[in-house]
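In what follows, chains are A, B, ... by sequence order, proteins preceding strands, each numbered from 1.
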Protein chains: 2
Amino acid sequence: MRLGMPETDFPGVRNLEIFSDMDEENFQSLMRGSYVQNFPPQIDLITEGDPSDFLHIVLSGSVDLFASWSGRDSSLATVRPVATFILAATIKDAPYLMSARTLEKSRIALIPSQDVRAIFDRDSNFARAIVTELSQSYRRKVKAMKDLKLRTSLERLANYLLREQGRSGGDPSFDLPFGKARLASLLGMTPENLSRAFKNLQAYGVTAAGNRITINDQADLEDFARPSPLIDDDRI
Amino acid sequence: MRLGMPETDFPGVRNLEIFSDMDEENFQSLMRGSYVQNFPPQIDLITEGDPSDFLHIVLSGSVDLFASWSGRDSSLATVRPVATFILAATIKDAPYLMSARTLEKSRIALIPSQDVRAIFDRDSNFARAIVTELSQSYRRKVKAMKDLKLRTSLERLANYLLREQGRSGGDPSFDLPFGKARLASLLGMTPENLSRAFKNLQAYGVTAAGNRITINDQADLEDFARPSPLIDDDRI
DNA sequence: CGCAGACTTGAATCTCCTCAAGCTTGGTGG
DNA sequence: CCACCAAGCTTGAGGAGATTCAAGTCTGCG
C-alpha cells in the first residue's frame with residue numbers, strides 16, 4: 001500500500017522511535033515515496049551486491065540477514081520489530097553486503113534511500129535517531145563478533161538459549177523462534193553439530209523437545225555459559 | 001598537549017574528513033576540551049566495560065582493538081590513520097565493548113564524548129561526517145563477519161595477504177604490519193596454526209621470510225582465495 | 001657470544017565437519 | 001482411520017582441521 005497523507009493511515013509508522021521526534025512536514029516528504037507491504041514467509045527481499053534503493057523497516061514478523069560466498073552461505077543476524085536493516089548501505093549509497101528474506105509473515109516499510117539521505121540533512125532529530133539506530137547496529141555486530149571469536153559452539157548455544165529465554169519473558173520454558181538448521185547457521189555450526197550440542201547441554205539441565213526448550217536448572221546453565229553484558233545484553 | 005585556539009596549532013586535525021566541512025565555531029568548541037597525545041607502542045588506551053568519555057582518532061601509527069572473555073582474548077580489528085574508534089559508544093553514551101592498545105608509536109586525538117554529542121545536534125555537516133564514518137565502521141564489521149563465517153582459516157589468510165598487498169601499493173613483496181601472533185588472533189586462529197597455514201600457501205606461490213611476504217604467482221593465489229568486493233574491498 | 005622473545009615443528013588430542021542412514025512429525029489421500 | 005510421503009532432525013562412523021603442549025630453531029640486541 002502506498003502511503004498517503006493523513007497520519008491516521010499509518011499510526012504505527014509515525015510512532016516508530018526513528019520517526020517520532022521528526023518534523024511533520026519532513027515525515028510527510030519521507031512517506032510520499034514509501035510503501036508498507038505484507039510479505040509471506042521465505043520471500044527474498046534483497047540480494048547482496050544490489051544497489052540500496054530502499055531503507056527497510058520491520059514492523060512485524062522477522063527477517064533473516066545472510067550472506068554467501070563460494071557456494072557456502074551463513075545467517076548473520078535476525079531482524080525483529082521494530083528495527084531497520086541495511087541502514088548503513090542506505091546512508092553510504094553503497095551496495096548491500098547481506099541478503100534478506102522473511103522468516104515468517106512480515107510487515108515491512110520501504111523508504112526510498114535518497115529521501116532518507118535528503119531528510120537526514122534537513123532534520124536534526126531524524127539525524128539523531130538514525131545515528132542512534134546505526135550505533136546500536138554496530139554494537140550488535142561487535143557483540144556477535146566477540147561471541148563468535150571468544151566462545152566455543154557449545155558456549156554460544158548456551159548463551160543464545162539464555163538470551164532467547166530472557167527475550168521471551170524469562171520463564172524456564174520457551175520456544176525457539178525458527179528451525180534448528182537456521183539456528184545452526186546463525187551460531188556458526190552445522191545442524192548435526194547443533195544436535196549434538198543440545199545433547200551435551202542436557203548435562204546442564206537443558207531439555208529440548210522439538211522447538212520447545214526447557215531450562216531446568218538456571219544457575220547450572222548460567223554457571224557454564226558465563227553470560228556477559230558486554231556480549232549478551234541487547235540494551236547496552 | 002591541550003589544544004588551544006589558533007587553527008595553525010593543529011592543521012592535521014582541522015583537515016580530517018570528519019571535521020573538514022564543519023562550522024569553525026563548532027570546531028573550536030570541540031577542540032577546547034580536546035587533546036592530542038603521542039603514545040609509545042603497547043600502551044593500553046581503553047578497557048572494555050569502561051564508560052566512553054572520549055572519542056579517539058588515530059592520526060598516525062596504529063591501534064589494536066581486542067576483547068576478552070573468560071580468560072581468552074582476541075583481536076577484532078586494527079585502526080589505521082585516519083579513523084576514529086569507539087564512535088558508537090560515544091554516540092550512545094554506553095560502555096566500550098572493546099579494549100584498545102597502541103601497536104606502534106601513535107598520535108591520537110581525544111575528544112570529550114559529551115562535546116561530540118552536543119555538536120552533533122548543532123552542526124549538520126558534522127552529523128553527516130559522523131554518520132558516514134559510523135556506516136563505514138558497521139560495514140567493515142559485516143565484512144569481517146562474512147570473512148569469519150564463510151571462509152576457512154587458510155582462505156582468510158590468503159585473502160588477508162591480498163588485501164595487505166593492495167594496501168601497501170600492489171607490489172609482489174610487502175611487509176606484514178605486525179607480529180604473527182597478533183595476525184593469528186585477528187584471523188581467528190592460533191600462532192601454530194598460522195605457521196602451518198603459511199606453509200600450505202607455498203603451494204600457491206606465497207613465500208614468507210620473517211615479516212616479508214612475497215606473492216610469486218598472483219593469479220594462482222587469487223584463484224585460490226577468490227576475493228570478493230563484498231568482503232575484501234575497503235572502499236565500498 | 002649468549003640470551004630473550006618470536007616463530008616453527010612435531011605429536012597427541014579434540015572439536016567439528018561430511019556423508020550416509022535412520023528416526024520423527026505433520027500433512028495427504030486412499 | 002491409517003498408510004504413505006516429505007521435510008526436518010538425529011545418530012553414527014570416519015576424517016579433516018584446529019588446538020595444546022613441548023621442544024627446537026631463528027633473530028636481534030646487549
Using whole Å, what does the distance between atom [atom2] of nucleotide [N] and atom [atom1] of [X] come to?
X: A:Phe178; N: D:dG8; atom1: CZ; atom2: P; result: 15 Å
X: B:Leu157; N: D:dG17; atom1: CG; atom2: P; result: 15 Å
X: A:Leu187; N: C:dT15; atom1: CG; atom2: P; result: 18 Å

Nearest of [options] to any side-chain atom of [X]?
X: B:Arg196; options: C:dC17, C:dC7, D:dT19; result: D:dT19
X: A:Ser195; options: D:dT10, D:dT19, C:dT18; result: D:dT10
X: A:Glu192; options: C:dA20, C:dC17, D:dC9; result: C:dA20
X: A:Asn193; options: C:dA11, C:dC16, D:dC21; result: C:dC16

Open item on the list: Classify the ring geometry of B:Phe85 against B:His56: parallel below 30°, tilted from 30° to 60°, perpendicular beyond 60°.
Closed with: tilted
Open item on the list: Measuring to OP1 and OP2 of C:dT8, would you say a side-chain N or O of B:Lys199 lies under 4.0 angstrom away?
Closed with: no
- [ ] Using only side-chain N and O atoms of B:Ser153, determine if any of them is under 4.0 Å from OP1 or OP2 of D:dA18.
- [x] yes
Task: Side-chain donor-acceptor contact under 3.5 Å, B:Arg80 with B:Ser62 - done: no
- [ ] Establish, from distance only, whether the side-chain atoms of B:Thr214 and B:Thr207 form a donor-acceptor pair under 3.5 Å.
- [x] no
Open item on the list: So that I can tick it off, tell me whether B:Arg226 and B:Glu155 are bridged by a salt bridge, with the cut-off set at under 4.0 angstrom between side-chain N and carboxylate O.
Closed with: no
Open item on the list: Any N or O donor-acceptor pair under 3.5 Å from the base of C:dT18 to the side chain of A:Arg72?
Closed with: no
TODO: Mind checking B:Thr152 for me? I need base, sugar-phosphate or nothing, with any heavy atom below 4.0 Å counting as a touch.
DONE: nothing
